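Here the structure is laid out as C-alpha cells; the discussion comes afterwards.
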Amino acid sequence: MGDLERMGEEGLIIERLNEHVGFFLQGARLLERGQSSFQRYEVWDTPQFGTLFRLDGCFMSSEADEFYYHENVVHVPAMAHAGVRRALIIGGGDGGAAKELLKYASIEQIRLVELDACVVELARRHLSGVHCGALDDPRVELVIGDGFHHVTVEAAATGDAYDLIVLDLTDPGGPADALYREPFFEACSRLLSPGGVLSLHLGSPVFQPAQVRAVVDALRATFAVVSPYFLYIPLYGSLWGLATASASLDPAACQPHNLDQRVRERGVDRLKYYNGDIHRAQFVLPNNLRRLLGT
C-alpha cells in the first residue's frame, strides 16, 4: 500500500494534478473502496464536498459541487442549440449530465453509454445528490458498454443521429484515451444531426497545458467550429477547460440576454451556476490561454 493510500485511511486524501503539484482534502471518511474490471474506485464522505467518488485516484464528482461541471458541460451547448431532442452521453455513469439534460421539456431520449457498470452501481448507492433519480427516468436508456465501440460501430451501423453528444469522460489515459483522439471525434461528428454539437472537458490549462492543447487541436482537425471555455471547479482544484465542437454551431456567439430568455422559455430551473452572462464570460480568454490555444 502506497503513501497516498495510507494517508487516505487516516482521513487525508491527496490528488496529484501533475508530477509537481497536488491538493488534499482532510477529515474524509471512507465509505467504499474496490477494484472493478477497469479501474480502482473509492467513495468518501468529506466535510467540504459531502459524498464524492474517485477513479484511479482522480476526483470525479461530489454532491456539493457537481453543478460547476455538469451545468456547464450540458447547458452551454444545449442552450445554444435550437432545441435538443436526442442526446448521447458517453461516460457519465454518475448521472449528473443526464440530470441536467432532463430539465429540458424538449428532450425525448438520452442514451447513456457507460463502460463500467460499477460506476452506475456506486451512483445508485451513494450519489443520489448528483443524479437526483435521472438514471431511472424513462427517457434515459442506460447502455453498459464501450463508448468507442458504440460510437464507431453500433451507432454508425444503425444511422443514429443526435442533437448533442456529451463526452463525460475520465481524463485522457487508461480506458478513455482513445476517446480524445481524431478518429473518435470524426465518428462522433458523423452521428450529429444538422446543427448538432459535441461537448467535453479538456483538463487544467494550468497543470496540464499540453493535454489541453492536444485535445483542442484534435477537435479542430475534425470540426469547423471549436469553442473552448474555462471555469474554476473546486473539486478539481484548478481552472478547468471545456469545449464545444460542431460543423456550424458556435455557443460563443450567443448573447447573454437571448440565453436568459431561452432559460425561461425552456423551463430550465434549479440552476446553481449557469446563466447568460456566465455563458458568454467563460469564452473570454486571457492572453496566456489565447497563446496556449493558438487563437
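Numbering of residues begins at 1 and proceeds along the displayed sequence. Please read these numbers as outputs of a predicted model, since none were measured by experiment.
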Stepwise side chain to side chain contact (heavy atoms under 4.5 Å, CB included) check, H201 with V73: CA-CA 7 Å; H201 85 101; V73 78; 5.7 Å; no
Could you give me the CA-CA distance, side-chain angles and deciding distance for I278 and L231, then say whether side chain to side chain contact (heavy atoms under 4.5 Å, CB included) is met? CA-CA 9 Å; I278 282 291; L231 68 151; over 6 Å; no
Taking it one step at a time, do F207 and H20 satisfy side chain to side chain contact (heavy atoms under 4.5 Å, CB included)? CA-CA 9 Å; F207 302 112; H20 305 294; over 6 Å; no
Full working for side chain to side chain contact (heavy atoms under 4.5 Å, CB included) between V216 and L202: CA-CA 8 Å; V216 170; L202 305 172; 3.8 Å; yes
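With rounding to the nearest 0.5 Å, the separation of CG in L55 from CD in E42 is 9.0 Å. Between the OG1 atom in T51 and the CZ atom in R125 there is a gap of 13.0 Å [rounded to 0.5 Å]. Between the CD1 atom in I165 and the OG atom in S189 there is a gap of 8.5 Å [rounded to 0.5 Å]. Once rounded to the nearest 0.5 Å, the distance linking SG of C254 with CZ of R262 reads 5.5 Å. Between the OG atom in S204 and the CZ atom in F230 there is a gap of 9.0 Å [rounded to 0.5 Å]. For the atom pair CD of Q39 and SG of C118, the computed distance is 8.0 Å after rounding to the nearest 0.5 Å.
Side-chain contact check for V268 versus M79: some heavy-atom pair is nearer than 4.5 Å. Between L239 and P205, the closest side-chain pair of non-hydrogen atoms falls below 4.5 Å. Contact annotation: the side chain of V215 approaches that of F185 to within less than 4.5 Å [non-hydrogen atoms, C-beta and beyond]. The shortest distance between side-chain heavy atoms of L88 and D160 does not fall below 4.5 Å. Taking the side chain as every heavy atom from C-beta outward, Q35 and R40 approach each other to under 4.5 Å. Using a 4.5 Å heavy-atom threshold, the side chains of H126 and W44 count as separate. Counting only heavy atoms from C-beta outward, the side chains of N72 and Q282 approach each other to under 4.5 Å. Side-chain contact between S227 and Y229 is absent, with no heavy-atom pair separated by less than 4.5 Å.
Formation of a donor-acceptor pair under 3.5 Å by the E141 side chain with backbone atoms of Q109 is not found in this model. One N or O on the side chain of E63 and one on the backbone of G129 form a donor-acceptor pair closer than 3.5 Å. Side-chain N or O atoms of S246 include one that pairs as donor or acceptor with a backbone N or O of G196 at under 3.5 Å. Under the 3.5 Å distance criterion, the side-chain polar atoms of S128 are left unmatched by any main-chain donor or acceptor of C132. Distance alone, capped at 3.5 Å, is enough to place a donor-acceptor pair between the S106 side chain and the V84 backbone. With D65 contributing its side chain and L235 its backbone, the two residues share a donor-acceptor pair below 3.5 Å. A donor-acceptor contact shorter than 3.5 Å is absent between the side chain of R280 and the backbone of P256. No side-chain donor-acceptor contact under 3.5 Å links Q261 to the backbone of H257. Listed for the S238 side chain is no donor-acceptor partner under 3.5 Å among the backbone atoms of W240. The backbone N or O of Y162 sits less than 3.5 Å from a side-chain atom of S193, completing a donor-acceptor pair.
Smallest separation of non-hydrogen atoms from A155 and V151: CB-O, 4.2 Å. Nearest heavy-atom pair, L198 versus C188, reported as atom, atom and distance to 0.1 Å: CD1-CB, 3.6 Å. Heavy atoms only, all atoms of each residue included: A178 and F184 are closest at O-CB, 3.4 Å. Contact record, R266 with H81: NH2-O, 2.8 Å, taken as the closest heavy-atom pair. In plain terms, the two heavy atoms of L135 and A123 that are nearest each other are CD1-CB, 4.1 Å. Closest of all the heavy-atom pairs between I110 and A98 is CD1-O, 4.0 Å.
Using bins of under 30°, 30° to 60° and over 60° for the plane-to-plane angle, the ring pair H279/Y274 lands in the perpendicular bin. Ring orientation note: the planes of Y273 and F67 are tilted relative to one another, at an angle of 30° to 60°.
Under a hydrophobic-cluster definition in which Ile, Leu, Val, Met, Phe, Trp and Tyr are linked whenever side-chain heavy atoms come within less than 4.5 Å, directly or via other members, F38 and I90 are assigned to different clusters. Under the 4.5 Å side-chain heavy-atom criterion for ILVMFWY residues, no single connected hydrophobic cluster contains both V166 and L115. In the hydrophobic cluster analysis, where Ile, Leu, Val, Met, Phe, Trp and Tyr join through side-chain heavy atoms closer than 4.5 angstrom, L169 is grouped together with Y68. Hydrophobic clustering (side-chain heavy atoms under 4.5 Å, transitive across Ile, Leu, Val, Met, Phe, Trp, Tyr) keeps V119 apart from I144. Under the 4.5 Å side-chain contact rule for hydrophobic residues, L17 and M60 do not share a cluster.
Counting only residues at least two apart or on different chains, the salt bridge (charged side-chain N to carboxylate O under 4.0 Å, His left out) pairs with a member in residues 84-105 are E66-K99, R85-E108, E100-K103.
Checking each of F53, Y69, F23 against F59 for a ring pair (Phe, Tyr, Trp, His ring centres under 6.0 Å) leaves exactly one that passes, namely F23.
With hydrogens and angles left out, the side-chain atoms of H150 and E154 include a donor and acceptor closer than 3.5 Å.
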